[in-house]
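Report on the structure given below.
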Number of protein chains: 4
Amino acid sequence: MTRGRPRDTAIEGRLLAAAAEELRRGGYEGLSIDRVAERAGVAKTTLYRRWASKAELVVALIASMREEIPFEPSDDPRGDLTTLVVTIAAGLSSTPTSLIADLAAASARDPRVGESVRALWADRHGAVTAVVAKAQQAGIVLSHVAPAVLVDQLVGPLYYRLLVTGEPLTPDYARTLMLSVLGPEESP
Amino acid sequence: MTRGRPRDTAIEGRLLAAAAEELRRGGYEGLSIDRVAERAGVAKTTLYRRWASKAELVVALIASMREEIPFEPSDDPRGDLTTLVVTIAAGLSSTPTSLIADLAAASARDPRVGESVRALWADRHGAVTAVVAKAQQAGIVLSHVAPAVLVDQLVGPLYYRLLVTGEPLTPDYARTLMLSVLGPEESP
Amino acid sequence: MTRGRPRDTAIEGRLLAAAAEELRRGGYEGLSIDRVAERAGVAKTTLYRRWASKAELVVALIASMREEIPFEPSDDPRGDLTTLVVTIAAGLSSTPTSLIADLAAASARDPRVGESVRALWADRHGAVTAVVAKAQQAGIVLSHVAPAVLVDQLVGPLYYRLLVTGEPLTPDYARTLMLSVLGPEESP
Amino acid sequence: MTRGRPRDTAIEGRLLAAAAEELRRGGYEGLSIDRVAERAGVAKTTLYRRWASKAELVVALIASMREEIPFEPSDDPRGDLTTLVVTIAAGLSSTPTSLIADLAAASARDPRVGESVRALWADRHGAVTAVVAKAQQAGIVLSHVAPAVLVDQLVGPLYYRLLVTGEPLTPDYARTLMLSVLGPEESP
DNA sequence: CGGTAAGCGAGACGGTACGTCTAGTCTTCCC
DNA sequence: GGGAAGACTAGACGTACCGTCTCGCTTACCG
């Protein structure tokens with residue numbers, strides 16, 4: 001029923017790409033609508049026709065950034081978990097801290113952004129949870145604590161260091177976390 | 001040594017009160033320096049002489065809002081730790097999340113702010129570290145992992161839930177964290 | 001020769017009516033093409049197919065507004081003239097000033113608009129000129145000055161007050177102008 | 001009484017000069033606030049602190065462009081009047097018509113602008129009124145019509161031609177107006 | 001009767017300007 | 001030197017408007 005000139009589908013991609021670049025450079029705060037539009041070679045009105053505000057743009061952007069990181073669980077839960085946590089730590093420390101912090105702040109301000117951001121992490125954390133559950137079933141983790149809590153204790157400290165204490169996220173630290181949660185590896 | 005007109009000590013209080021009101025109404029984003037100064041009946045210069053930026057003002061504001069919770073370590077490290085973690089969780093969940101997230105974001109952008117914010121948490125976290133070390137020495141915690149890491153695994157998940165997953169910080173959750181780190185209490 | 005779907009003749013009227021209403025409310029400046037089209041229930045394209053720009057639309061609008069005010073000269077030029085000038089004054093003061101001013105401004109910017117607007121006044125002013133010439137021939141006006149100049153001195157002050165000094169255009173003022181130009185009436 | 005940092009007096013001049021240049025190039029329509037500010041090397045807020053809108057800026061600009069034409073009344077009211085009217089006509093016809101029309105339009109929309117614009121003409125028109133009154137007292141003008149009306153009939157036609165009929169404002173025309181109002185000069 | 005040319009509705013698009021807001025710095029005078 | 005007042009820079013924000021464009025549908029006339 002609603003007709004008219006169809007939207008140029010390429011524009012959305014260009015805008016999101018431009019916004020991503022802006023976000024990468026200056027974080028949420030430093031993302032300027034004018035610059036995004038200019039970088040995308042698009043009129044500001046065209047951007048606003050799609051997203052009514054900066055927040056909505058970022059929501060869409062984050063959603064579009066969810067890369068499918070395929071993870072293949074092996075028979076070695078302990079090894080899998082180490083890989084996962086180290087990878088997450090590496091991913092976090094290779095992303096500008098201010099960006100992650102800005103996303104957290106934007107999430108806290110706008111529930112829709114929050115949802116979008118959580119969906120962004122969902123894959124990775126879901127994988128961790130799955131492996132932890134598996135390890136628990138295999139008897140590797142003796143704890144009777146819910147897997148979700150163990151995940152919080154593996155992943156939470158990473159964000160904590162990043163956002164609160166400012167300490168570095170080394171692979172060693174990630175492994176130490178593993179050790180603390182899983183206990184020392186038993187020699188065969 | 002110090003010359004010239006002494007600072008009007010009442011002003012600081014008026015400014016912080018004004019800032020608190022602004023923060024209450026519009027959050028970090030909606031806090032306007034101009035409005036704070038005007039509401040306090042004070043020149044903007046006077047505000048900036050005390051705090052170099054909006055972030056620092058908010059840091060000071062938060063600091064002023066923090067109640068000195070004197071903590072007296074008892075002979076029961078496990079009980080002490082539980083009290084501490086539950087208290088921290090309660091403090092965090094009673095503060096608007098957006099505030100904490102904005103502080104983290106401001107920290108990531110400006111190291112000086114980061115330092116201030118860290119000082120804000122320092123007391124509490126210091127206390128936790130001390131008790132954890134004590135518990136470890138007392139043999140309650142069998143882990144050979146550094147106390148700092150255990151603290152990260154007690155406190156980190158709280159921030160993680162708050163800033164990342166958005167899940168609630170209940171006292172039960174805090175206790176579950178304790179359990180996971182310390183292991184089940186041994187019956188005497 | 002002419003192929004394709006013929007233009008809907010009713011649309012032009014609806015557009016002009018809509019434009020007239022818009023002009024009445026907000027003057028030239030406040031006339032928005034988008035709103036005119038919407039008010040007429042017509043696509044913007046359809047409007048632009050008829051007039052290539054806002055100015056041309058207004059030109060057509062003004063042209064369509066030319067009401068034929070039939071004027072029947074009597075044997076009493078002085079009376080006729082009074083009637084005419086008072087009528088013109090009344091017409092001007094019953095029209096929003098800003099509209100007249102905007103038309104003048106649009107005229108100054110675009111010659112085509114100017115031509116159209118002048119045609120709008122032409123009838124009335126033509127009638128005045130005719131009567132003045134007649135009065136001059138009848139010896140009522142002693143001046144040897146060209147009728148056109150006398151007309152300027154009768155009508156010009158009306159616009160002058162309206163557009164420049166902002167003073168009101170009362171019937172009395174109109175009569176005073178008459179008196180000044182024609183001189184006092186001779187008693188028979 | 002006036003406290004705070006004083007306005008930088010040089011800025012006003014720079015802004016007006018920039019606006020004048022803009023006006024010269026693109027007329028009222030083509031004058032962009034952003035460009036004026038940029039050309040003047042000044043923040044837009046600084047401009048808006050002085051004039052609340054484009055119209056007000058232009059009012060000030062026009063006012064600043066008005067040269068103080070010192071007028072010394074002689075013993076020859078007829079000559080004085082001729083000089084004045086011819087000068088006014090010259091002034092009007094040397095100014096872009098669209099500017100004057102735009103000022104009239106802006107006046108009609110905003111009373112404050114109207115006041116400013118009237119003040120702009122006040123000097124000249126005041127001088128004319130004074131000389132007319134003097135001429136009337138000296139018996140040169142026999143009319144018993146109020147001076148203000150005579151002034152309207154001398155000056156009004158100039159604006160009328162400019163804004164309505166579009167006819168040129170020649171010195172001859174001005175003299176004809178004089179002649180019509182004052183009557184033919186008596187030979188000594 | 002089917003092709004084709006134009007009218008039409010709906011709305012996207014580029015481009016540009018507007019006026020408002022904010023943070024933080026700077027300048028001046030007063031105590 | 002502290003304080004008040006406010007000017008100043010820099011730049012983002014979201015809205016409005018104009019005139020062009022791109023669709024798909026509809027209506028006529030023409031062969």
Side-chain angles (χ1 to χ4, degrees), chain A residues 1-9 11 29-38 41-54, chain B residues 2-9 11 29-38 41-55 57, chain C residues 1-9 11 29-38 40-55 57, chain D residues 1-9 11 29-38 41-54:
Chain A
M1 212 67 240
T2 43
R3 233 72 85 49
R5 175 176 176 177
R7 292 208 177 159
D8 185 335
T9 50
I11 283 179
E29 208 78 335
L31 184 156
S32 145
I33 297 273
D34 286 82
R35 265 201 311 273
V36 168
E38 192 193 344
V42 145
K44 213 172 26 158
T45 29
T46 301
L47 188 158
Y48 273 104
R49 197 169 295 116
R50 284 162 174 75
W51 307 287
S53 67
K54 192 168 154 175
Chain B
T2 43
R3 313 252 253 99
R5 176 174 172 178
R7 287 203 181 165
D8 184 335
T9 51
I11 284 180
E29 205 79 332
L31 184 155
S32 146
I33 295 275
D34 286 82
R35 268 202 306 274
V36 168
E38 194 194 7
V42 145
K44 230 178 2 164
T45 335
T46 304
L47 189 159
Y48 273 103
R49 195 169 292 114
R50 285 165 172 74
W51 305 286
S53 70
K54 183 170 160 175
L57 164 61
Chain C
M1 211 73 258
T2 43
R3 312 254 254 107
R5 175 175 174 177
R7 291 202 180 164
D8 184 335
T9 50
I11 285 180
E29 206 78 335
L31 183 156
S32 145
I33 297 275
D34 287 80
R35 269 202 306 274
V36 168
E38 195 195 7
V42 145
K44 227 178 9 161
T45 337
T46 304
L47 189 158
Y48 273 103
R49 195 169 295 114
R50 285 162 174 75
W51 306 286
S53 68
K54 185 169 158 174
L57 165 61
Chain D
M1 215 65 245
T2 44
R3 314 256 248 101
R5 175 176 173 177
R7 292 207 178 159
D8 184 334
T9 50
I11 283 179
E29 207 77 334
L31 183 156
S32 145
I33 297 272
D34 287 80
R35 266 202 308 276
V36 168
E38 192 193 343
V42 145
K44 220 176 14 160
T45 26
T46 301
L47 188 157
Y48 273 104
R49 193 169 298 114
R50 286 163 174 75
W51 307 287
S53 68
K54 189 169 156 175

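Chain letters run A, B, ... following the sequence lines, proteins first, then strands; residues in each count from 1.
To the nearest angstrom, C1' of F:dG1 lies 13 Å from CZ of B:R50. Rounded to whole Å, the distance from CD on A:E38 to P on E:dG14 is 13 Å. For the pair C:D34 CG and E:dA12 P, the interatomic distance rounds to 12 Å; values are reported in whole Å. Between C:Y48 atom OH and E:dC8 atom P the separation is 16 Å, expressed in whole Å. Rounded to whole Å, atom C1' of F:dA12 lies 13 Å from atom CG of A:L47. Atom CD of D:E29 is separated from atom C1' of F:dC17 by 11 Å (rounded to the nearest Å). The CZ-P distance, from C:R7 to F:dC29, rounds to 16 Å in whole Å. For the pair B:K54 NZ and E:dT22 P, the computed distance is 9 Å after rounding to whole Å.
The side chain of C:R49 lies closest to E:dG7, out of E:dC13, F:dT9, E:dG7. The side chain of D:D8 lies closest to F:dC8, out of F:dC18, E:dG19, F:dC8. The nucleotide whose nearest atom lies closest to any side-chain atom of A:T46 is, among E:dG14, F:dG19, F:dA5, E:dG14. Nearest to the side chain of D:S32, among F:dC13, E:dG9, E:dA17, sits E:dA17. For D:I11, whose side chain is taken as the heavy atoms from C-beta onward, the closest listed nucleotide among F:dC8, E:dC26, E:dC13 is F:dC8.
Checking the phosphate oxygens (OP1, OP2) of F:dC17, a side-chain nitrogen or oxygen of C:R35 falls inside 4.0 Å.
Between B:L47 and B:V42, the shortest heavy-atom contact is N-CG1, 4.4 Å. Closest approach of C:R50 and C:D8 over heavy atoms only: NH2-O, 3.4 Å. Summarising the geometry of C:A37 relative to C:A43, their closest heavy-atom pair is CB-C, 4.3 Å, with the distance given to 0.1 Å.
The base of E:dG9 lies outside donor-acceptor range of the side chain of C:K44, with no N or O pair under 3.5 Å. For F:dA5, the base has a donor-acceptor partner in the side chain of B:T45 [N/O atoms by modelled type, under 3.5 angstrom].
At a threshold of 4.0 angstrom between heavy atoms, the contacts of C:G30 with the nucleic acid are absent.
Checking C:V42 against B:L31, the closest nucleotide of DNA chain E that is more toward the 5' end is the one next to C:V42. When the nearest nucleotides of DNA chain F are assigned to A:S53 and B:G41 by heavy-atom distance, the more 5′-ward of the two goes with B:G41.
Of the possible polar contacts, one joining the D:K54 side chain to the D:L31 backbone as a donor-acceptor pair under 3.5 Å is found.
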Taking only N/O atoms, report every protein-nucleotides 23-25 of chain F pair under 3.5 Å with atom names and distance.
residue: F:dG24; atom: O3'; partner: A:R3; partner atom: NH1; Å: 2.9

